[in-house]
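For reference, the structure discussed in these notes is given below.
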Protein chains: 2
Amino acid sequence: MAAHAHTHATGSGWKQHVLASFAHEGFRAGGARAVVVELLAEQDCCLSAQEIFDRLRAGGRKVGIASVYRVLDQLAQMQLVQRVDVGGGVSRFEAAHPGGDHHHHLVCDDCGRVVAFEDERLEAELDRVGKSLGARVAAHDLVLHGACADCSQK
Amino acid sequence: MAAHAHTHATGSGWKQHVLASFAHEGFRAGGARAVVVELLAEQDCCLSAQEIFDRLRAGGRKVGIASVYRVLDQLAQMQLVQRVDVGGGVSRFEAAHPGGDHHHHLVCDDCGRVVAFEDERLEAELDRVGKSLGARVAAHDLVLHGACADCSQK
DNA sequence: CCCTCGATGATAACGGCTCTCACCAGGGCT
DNA sequence: AGCCCTGGTGAGAGCCGTTATCATCGAGGG
Ligand SMILES: [Mn+2]
Ligand SMILES: [Mn+2]
Ligand SMILES: [Zn+2]
Ligand SMILES: [Zn+2]
């Protein structure tokens with residue numbers, strides 16, 4: 001696992017999977033949906049609906065904010081994106097890979113930066129706890145708050 | 001650990017600690033603050049600001065919603081309450097015990113119920129992960145989503 | 001081509017939260 | 001006890017992310 005440049009965590013594999021899923025569910029091909037999926041596929045970490053809207057507009061695409069929320073909602077219901085709630089009343093969204101790697105976030109309360117991380121043992125513990133509750137846990141939201149590595153050493 | 005009735009997780013110990021902290025910080029004694037603390041001390045689990053407001057009003061207390069948020073904000077900054085974000089754009093709050101037990105929540109996406117749980121090993125893993133990031137982690141928010149024990153077995 | 005119905009986007013509405021500001025009252029002082 | 005200053009309070013307006021509405025557009029099967 002040497003030093004190949006960090007390819008986007010969400011390659012075109014995810015995008016293809018999403019488009020196939022939409023087709024399979026009998027959805028029609030719409031411009032807004034395609035372009036939101038396209039943008040999400042290029043990201044390494046979560047974006048808010050407003051950020052998605054702004055970037056698409058900046059790229060000359062005349063999407064409506066309602067369409068952005070609509071598509072994100074559909075994707076979330078189909079388990080194709082993960083809704084990330086870092087507090088502050090804003091939801092963020094990122095591609096969710098079928099059975100694959102997912103990560104969590106540390107939010108720096110000083111500079112606002114969002115740092116992604118993943119940890120195998122932590123996931124195992126989360127699974128164990130879910131089972132011990134007798135519940136069928138479909139997802140877990142985890143956010144660490146504090147001072148990021150940069151902010152904490154000054 | 002036999003069957004003694006489940007005493008409130010937040011006895012008067014917490015309340016005393018909070019009042020002492022406020023006095024120590026040079027705050028004046030205000031009616032709204034006292035009554036919000038009082039109510040929080042009686043709870044076993046988290047309440048939203050609106051719920052706190054409604055209950056106080058129902059009890060004949062003429063508090064303002066602004067005061068509720070103000071007090072909750074002060075308490076959160078003094079680390080005397082934990083802000084719990086279970087999604088849906090509503091923050092919930094519960095008493096935080098100095099160095100003691102804290103718990104997390106499972107939210108049933110079917111019936112909306114909120115189930116509290118605590119787990120020592122999970123906390124240890126969370127600590128380890130925080131350290132491995134080089135960050136100074138002050139708090140962590142964890143919410144499990146899925147079907148609760150009742151809803152999952154039908 | 002046409003026609004139907006899902007998709008889209010401008011806009012209004014909604015709700016949680018925050019801000020503003022005039023009034024209230026704790027408590028140090030005399 | 002009475003004053004006064006200042007922090008505490010609460011009604012209401014405002015802010016902002018999200019959701020609902022609805023007229024219009026266009027994908028795609030006939
Ligand atoms: Mn995880
Ligand atoms: Mn914990
Ligand atoms: Zn930082
Ligand atoms: Zn349930």
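Residue numbers begin at 1 in each chain, while the letters A, B, ... track the order of the sequences. Quick caveat, the model's predicted, so the values are computed rather than measured.
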Send over the distance from [X] [atom1] to [N] [atom2], rounded to a whole Å.
| X | N | atom1 | atom2 | value |
| --- | --- | --- | --- | --- |
| B/Phe53 | C/dC17 | CZ | P | 13 Å |
| B/Glu51 | C/dG15 | CD | C1' | 15 Å |
| A/Arg28 | D/dA27 | CZ | P | 10 Å |
| A/Leu56 | C/dT8 | CG | P | 12 Å |
| A/Lys62 | C/dT11 | NZ | C1' | 17 Å |
| A/Phe22 | C/dA7 | CZ | C1' | 12 Å |
| A/Phe27 | C/dA7 | CZ | P | 6 Å |
| B/Ile52 | D/dT9 | CD1 | C1' | 17 Å |

**Fill in**
Here the residues of residues 64-90 of chain B within 4.0 Å heavy-atom distance, strictly under, of DNA chain C are B/Ala66, B/Tyr69, B/Gly89, B/Val90
**Message:** Is the phosphate of D/dG26 approached by A/Arg33 (side-chain N or O, under 4.0 Å from OP1 or OP2)?
**Reply:** no
**Any B/Arg61 side-chain N or O less than 4.0 Å from OP1/OP2 of D/dG10** = yes
**Asked** Quick one: on DNA chain C, does B/Gly30 or B/Ser48 contact a more 5' nucleotide (nearest heavy atom)?
**Response** B/Ser48
**Asked** When you match B/Ala29 and B/Gln50 each to their closest nucleotide on DNA chain C, which lands nearer the 5' end?
**Response** B/Gln50
**Message:** I'd like to know if B/Arg113 and B/Asp150 make a salt bridge, using a cut-off of under 4.0 Å between side-chain N and carboxylate O.
**Reply:** yes
**Request:** Run the salt-bridge test on B/Glu51 and B/Arg92 with the 4.0 Å N-O cut-off and return the result as yes or no.
**Result:** yes
**Prompt:** Looking only at atom types and distance, does a side-chain atom of A/Arg136 sit under 3.5 Å from a main-chain N or O of B/Cys148, one as donor and one as acceptor?
**Reply:** no
**Fill in**
The nucleotide from D/dG28, C/dC17, C/dA10 with an atom nearest the side chain of A/Arg57 is C/dA10
**Item:** Neighbour count >12 (heavy atoms, 6.0 Å) for atom CZ, B/Arg61
**Value:** yes
**Asked** Quick check: are there more than 12 heavy atoms from other residues, nucleotides or ligands sitting under 6.0 Å from CD of A/Glu120?
**Response** no
**Request:** Evaluate the ring planes of B/Phe27 and B/Phe22, with Trp represented by its six-membered ring, and classify them as parallel (under 30°), tilted (30 to 60°) or perpendicular (over 60°).
**Result:** perpendicular
**Request:** Map B/Gly26 and A/Ser91 onto DNA chain D by nearest heavy atom, then report which one ends up closer to the 5' terminus.
**Result:** B/Gly26
**Message:** Run the side-chain contact (heavy atoms from CB on, under 4.5 Å) test on A/Leu39 and A/Ile52 for me, step by step, so that the C-alpha distance in whole Å, both residues' side-chain angles and the decisive distance to 0.1 Å come before the verdict.
**Reply:** CA-CA 8 Å; A/Leu39 181 63; A/Ile52 293 170; 3.8 Å; yes
